[in-house]
Amino acid sequence: MKPLRPTPAPPCPSPRAQTDLLDLVSVLVCIIRGGRVRFLNRAGVGMLGLDSADAATDAPFVDFLEDDYRELIEGSGWALLAEEDFLPLRMKRAGTGLFEAEMRVRHLPDEAEGFLIEARDISRFVRSAEALREREERLQGVLHSVAEGIVTVDDQGVIEAANPAFASIFRATTANLIGRPLGHLLIDPESEIDERAIGAAGTRPTGLPLAPNGRTAEALGRRADGSLFPLELSLSELRHGKGRLFTGIVRDISERKENEDRINRLAHHDTLTGLPNRNLLKDRINHALARMRRNGGQIAVLYVDLDRFKPINDNLGHEAGDAVLCEVAERLSLCIRSSDTVARIGGDEFVIVVEEIARPGEAAMVARKILDVLAPPIVHQGHCCQVGASIGIAVYPLDGTNMEDVCKAADIAMYRVKNTGRNGFCFYSEDVPLEEIEFP
C-alpha cells in the first residue's frame with residue numbers, strides 16, 4: 001500500500017485578489033500603519049464621501065473622525081481600541097458633515113503598528129432609535145397626563161404596567177401594583193356584566209372575570225387602604241406573536257354614582273322631610289300588591305292630614321312650619337314597621353301604607369299610635385306648636401278593586417274626620433265591626 005500523501009494547502013490569494021474581495025464588502029474596511037491610511041475599500045470611499053481611495057491614502061485616519069474622538073484616539077492609542085468591540089462614534093463625510101457610525105479596530109498579524117478598521121454607517125438606525133424614543137416619550141407623556149387609569153395585564157390577569165392615574169385611583173404606588181393580579185383589586189366584578197352582550201366570541205384573561213374587546217363593565221374596586229369604590233373597566237385584547245396582552249381603561253365613577261343617587265333621591269323623596277314622595281309611594285304600593293297576591297292578606301292605606309298646622313305657618317313663619325313637618329315625619333316613622341311606608345304627598349298631608357294585615361283592627365292600632373305620638377307639643381325656638389291629625393283608613397281589597405280606588409276611599413274617610421271634630425280616625429267602610437278597632 002502506498003503511503004498517503006498530505007493534501008496540499010490551498011494557495012493564498014494574491015494581494016490583488018484580497019483587495020478585490022475587500023471591495024466587495026458593504027462596510028468600510030481600512031488598513032492603517034502608523035495611524036495613516038494604507039488601504040481603503042470602495043464602501044469606505046463612498047461612506048467618507050471621497051472621490052477615490054487615493055484621496056485618503058497616507059492621510060491620518062483620525063482626520064475622518066469627530067474632533068472629540070480624535071483626541072481620545074491620540075491619547076489612548078490604536079492598540080487600546082483594538083481591545084474593545086464596536087465603538088459608537090461620529091465620523092466626517094466630505095461635503096455633508098458628521099454622521100453616526102460604529103467602528104472596530106483589530107491588530108494586523110505580525111504588525112505592531114498595523115491595524116484593520118471596520119466601520120459602518122448607523123445614522124439611519126440612530127435616527128430610527130431617536131424617533132422611537134421620542135414616540136415613547138410622547139406616549140409616556142400622554143399616559144402620565146390622562147386622568148383615566150390605564151393598565152396592561154398578561155393573559156393570566158397579572159399587571160405588567162400601569163400609568164400614574166391608575167395607581168392614584170387605587171391609592172397605591174405603581175411599583176406596588178406591578179405583578180399583582182388585577183382581579184385582586186376588584187370585588188364582584190361580574191355583578192353588572194351582561195353576558196349576552198359579551199357574546200360567545202368574548203375572551204378573558206385567566207383569573208379576571210371581565211369581558212375584554214372594549215366592553216365596559218362596572219365593578220367595585222378595593223383601594224390599598226381597604227376602602228371600596230365603584231369603577232368602570234373596559235379591556236381590549238392585544239395579540240403579539242403567539243401571546244396576548246390586555247389593555248384596560250379604568251375610571252373612578254364614585255362622583256357619577258353619587259350624582260345618580262342624589263338625582264334618584266330627589267326624584268323619589270321629599271326634599272324637606274326625606275320621606276318617599278308620590279312617585280316612590282306608587283312604586284311601594286305596586287310592590288305591596290305583588291307580595292299580597294303571593295302571600296295573601298290585606299293592605300291598609302292611611303291618609304293623614306295635620307290639624308292646626310296652618311296657624312303655625314301664619315303666626316311663626318314657614319321656617320317653623322318646616323321644622324314641625326320634619327318632626328312629624330320622624331314621629332310618624334316610629335309608628336310603622338320596616339316593611340311599611342310613610343310618605344309625604346304635599347303640604348301637611350302624609351300617606352301610610354301598612355302591608356299584610358290580617359284584620360282592619362291592625363290599621364286602627366297604627367292610627368292610634370299616630371294620634372298618641374303627635375299629642376306632645378313640638379317646640380321650635382321656644383314656641384310650643386301643637387298639632388293633631390285627621391286620619392282616614394281604607395283597606396284593599398275591602399274598599400276597592402285597585403289601589404287607586406283604595407287611596408281615594410282613604411282620602412274620603414279622612415275628610416269625614418275633618419268634618420266631625422278632627423284629631424281622630426275612621427274607616428271608609430261603615431260596616432267594620434267595632435271590636436276590630438277597640439284597643440286593650
Side-chain angles (χ1 to χ4, degrees), residues 88 100 102 122-257 260:
E100 301 289 340
E102 60 178 8
I122 59 171
S123 300
R124 180 167 59 89
F125 302 105
V126 171
R127 288 194 298 270
S128 298
E130 289 179 349
L132 179 60
R133 178 179 54 80
E134 290 176 358
R135 286 196 299 270
E136 290 180 347
E137 288 178 351
R138 287 196 297 270
L139 177 59
Q140 289 298 321
V142 171
L143 294 178
H144 280 66
S145 62
V146 296
E148 295 175 332
I150 300 176
V151 62
T152 301
V153 299
D154 60 19
D155 58 1
Q156 301 299 314
V158 176
I159 298 174
E160 291 193 350
N163 71 336
F166 181 86
S168 177
I169 288 173
F170 286 91
R171 297 178 184 173
T173 62
T174 302
N176 289 337
L177 294 173
I178 302 300
R180 292 186 60 185
L182 179 58
H184 288 182
L185 304 178
L186 306 176
I187 306 296
D188 296 329
E190 285 189 314
S191 58
E192 297 189 28
I193 295 178
D194 187 349
E195 294 290 347
R196 293 170 297 180
I198 295 172
T203 56
R204 302 174 178 176
T206 303
L208 183 60
L210 284 172
N213 303 326
R215 305 286 184 180
T216 300
E218 292 185 5
L220 285 177
R222 181 193 289 114
R223 295 191 176 98
D225 59 7
S227 62
L228 302 180
F229 68 100
L231 62 82
E232 192 174 73
L233 171 63
S234 61
L235 288 176
S236 297
E237 182 178 351
L238 299 175
R239 291 282 180 175
H240 60 100
K242 296 182 179 180
R244 61 177 183 168
L245 293 174
F246 295 88
T247 299
I249 298 177
V250 178
R251 304 176 185 88
D252 184 344
I253 57 174
S254 300
E255 184 176 353
R256 190 184 83 189
K257 287 294 186 182
E260 290 175 355

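Residues: numbered from 1 along the sequence shown.
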Atom CD of Gln156 and atom CG of Leu182: how far apart are they, to the nearest 0.5 Å? 13.5 Å
Do Asn163 side-chain atoms and Ile150 backbone N/O form a donor-acceptor pair below 3.5 Å? yes
Taking only residues two or more places apart in sequence, or in another chain, which ones meet Phe170 in a ring-ring contact (aromatic ring centres under 6.0 Å, His included)? Phe166, Phe229
On a heavy-atom basis, the closest approach of Pro230 and Lys257 is CG-CG, 3.8 Å
Roughly how far apart are Glu218 CD and Ile253 CD1, rounded to 0.5 Å? 4.0 Å
Taking the side chain as C-beta and beyond, is there a heavy-atom pair between Arg222 and Leu228 under 4.5 Å? yes
Is there a side-chain contact between Leu220 and Leu231 (heavy atoms, below 4.5 Å)? no
Charged N to carboxylate O below 4.0 Å: is that the case for Asp252 and Arg171? no
Gap between atom CG of Leu233 and atom CG of Leu186 - 0.5 Å precision: 6.5 Å
Once you round to the nearest 0.5 Å, how far does CD1 of Ile169 lie from OG of Ser254? 9.5 Å
Nearest 0.5 Å, what's the CD-CG distance between Glu160 and Asp154? 5.0 Å
Are Val153 and Val158 side-chain neighbours, meaning at least one heavy-atom pair lies under 4.5 Å? no
So which heavy atom on Ala167 is nearest to which on Thr173, and how close? CB-C, 4.0 Å
Within this structure, what is the CD-CD1 distance for the pair Glu102 and Ile122, rounded to the nearest 0.5 Å? 5.0 Å
Quick one: does any side-chain atom of Arg180 pair with a main-chain N or O of Ile159 as donor and acceptor, under 3.5 Å? no
Which residues pass the side-chain hydrogen bond (donor to acceptor under 3.5 Å, both in side chains) test with Arg133, not counting sequence neighbours? Glu137
Would you mind listing every salt bridge (charged side-chain N to carboxylate O under 4.0 Å, His left out) that reaches into residues 226-235, with sequence neighbours excluded? Glu232-Arg251, Glu232-Arg256
Quick check: closest heavy atoms across Ile178 and Ala162, and the distance to 0.1 Å? CD1-N, 4.0 Å
